[in-house]
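Position 1 is the first residue of the sequence; numbering continues from there.
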Amino acid sequence: MRVHEVTVRRSFEFQDWQLLSQKANGFKSDIILLCEDLEIKLDAKSVLGMMIMPLREGTRLRIQTRGGDEEEALDAMCELLE
């Protein structure tokens, strides 16, 4: 399992959620986003589930990846969120 904390640099809109979910679905690994401040844990592959998380500039997230391509998945999620 890989874990990395990021700070979101801009507020997310629907198109951003779609792109993030599509990218996440390209990996075999499980990808979980955790926002401890709001006590939210979401599957990055579920665009509908992810839309409940209010991602605004400055939001702190923990990304967890687990699986055969976890390192690549983590790198991709960090690139999209930071």
Colleague: Quick one: pull up CG in D69 and CG in L74 and give me the separation to the nearest 0.5 Å.
Modeller: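 Rounded to the nearest 0.5 Å, the CG-CG separation comes to 11.0 Å.
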Colleague: Give every residue pair that meets the salt bridge (Lys or Arg N to Asp or Glu O under 4.0 Å) criterion with at least one member in residues 29-54, sequence neighbours excluded.
Modeller: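 Applying salt bridge (Lys or Arg N to Asp or Glu O under 4.0 Å) to every pair that reaches into residues 29-54, excluding sequence neighbours, yields E36-R62.
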Colleague: Only pairs at least two apart or in different chains count here, so list each salt bridge (Lys or Arg N to Asp or Glu O under 4.0 Å) that has a residue in residues 48-61.
Modeller: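 Counting only pairs at least two positions apart or across chains, the salt bridge (Lys or Arg N to Asp or Glu O under 4.0 Å) contacts touching residues 48-61 are E5-R60.
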Colleague: So which heavy atom on G68 is nearest to which on S29, and how close?
Modeller: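 The pair with the smallest heavy-atom distance is N-OG, 3.7 Å.
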Colleague: Out of curiosity, does I32 fall in the hydrophobic cluster containing I63 (side-chain heavy atoms, cut-off under 4.5 Å, transitive links)?
Modeller: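 They do not share one cluster, since no chain of ILVMFWY contacts under 4.5 Å joins I63 to I32.
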Colleague: If hydrophobic clusters are built by linking Ile, Leu, Val, Met, Phe, Trp and Tyr wherever their side-chain heavy atoms come under 4.5 Å apart, do L34 and F27 end up in the same one?
Modeller: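 Shared cluster, no.
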Colleague: For the CG atom of L33 and the CG atom of L61, what is their distance to the nearest 0.5 Å?
Modeller: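 Going from the CG atom of L33 to the CG atom of L61 covers 6.0 Å.
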Colleague: Write out all pairs satisfying ring pair (Phe, Tyr, Trp, His ring centres under 6.0 Å) with one or both partners inside residues 34-73, taking only residues at least two apart or from two chains.
Modeller: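 Checked against ring pair (Phe, Tyr, Trp, His ring centres under 6.0 Å) - neighbours excluded - no pair reaches residues 34-73.
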Colleague: For residues 9-26, which residue pairs pass the salt bridge (Lys or Arg N to Asp or Glu O under 4.0 Å) check, not counting sequence neighbours?
Modeller: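 Output for this query lists R10-D16.
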Colleague: Taking only residues two or more places apart in sequence, or in another chain, which ones meet D75 in a side-chain hydrogen bond (donor to acceptor under 3.5 Å, both in side chains)?
Modeller: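 Partners of D75 under the side-chain hydrogen bond (donor to acceptor under 3.5 Å, both in side chains) test: none.
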Colleague: Ignoring hydrogens and angles, tell me if any N or O in the side chain of Q22 forms a donor-acceptor pair with the backbone of L19 under 3.5 Å.
Modeller: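 Not confirmed, Q22 side chain does not pair with L19 backbone.
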Colleague: About how many Å separate CE of M77 and CD of E70, when rounded to the nearest 0.5 Å?
Modeller: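 Nearest 0.5 Å value for the CD-CE distance: 14.0 Å.
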Colleague: Does V8 belong to the same Ile/Leu/Val/Met/Phe/Trp/Tyr cluster as L42, with side-chain heavy atoms less than 4.5 Å apart forming each link?
Modeller: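 V8 clusters together with L42.
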Colleague: If you measure from OG on S21 to CG on L80, what distance do you get to the nearest 0.5 Å?
Modeller: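 With rounding to 0.5 Å, OG (S21) is 11.0 Å from CG (L80).
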Colleague: Could you state the interatomic distance from CD (E82) to OG1 (T7), rounded to the nearest 0.5 Å?
Modeller: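 Here the rounded value is 7.5 Å.
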Colleague: Please report the shortest heavy-atom distance between L55 and W17, naming the atom on each side.
Modeller: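 The answer is CD1-CH2, 3.1 Å.
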Colleague: Among all residues two or more places apart in sequence or in another chain, which pass the side-chain hydrogen bond (donor to acceptor under 3.5 Å, both in side chains) test with E71?
Modeller: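 Applying side-chain hydrogen bond (donor to acceptor under 3.5 Å, both in side chains) to E71 gives R2.
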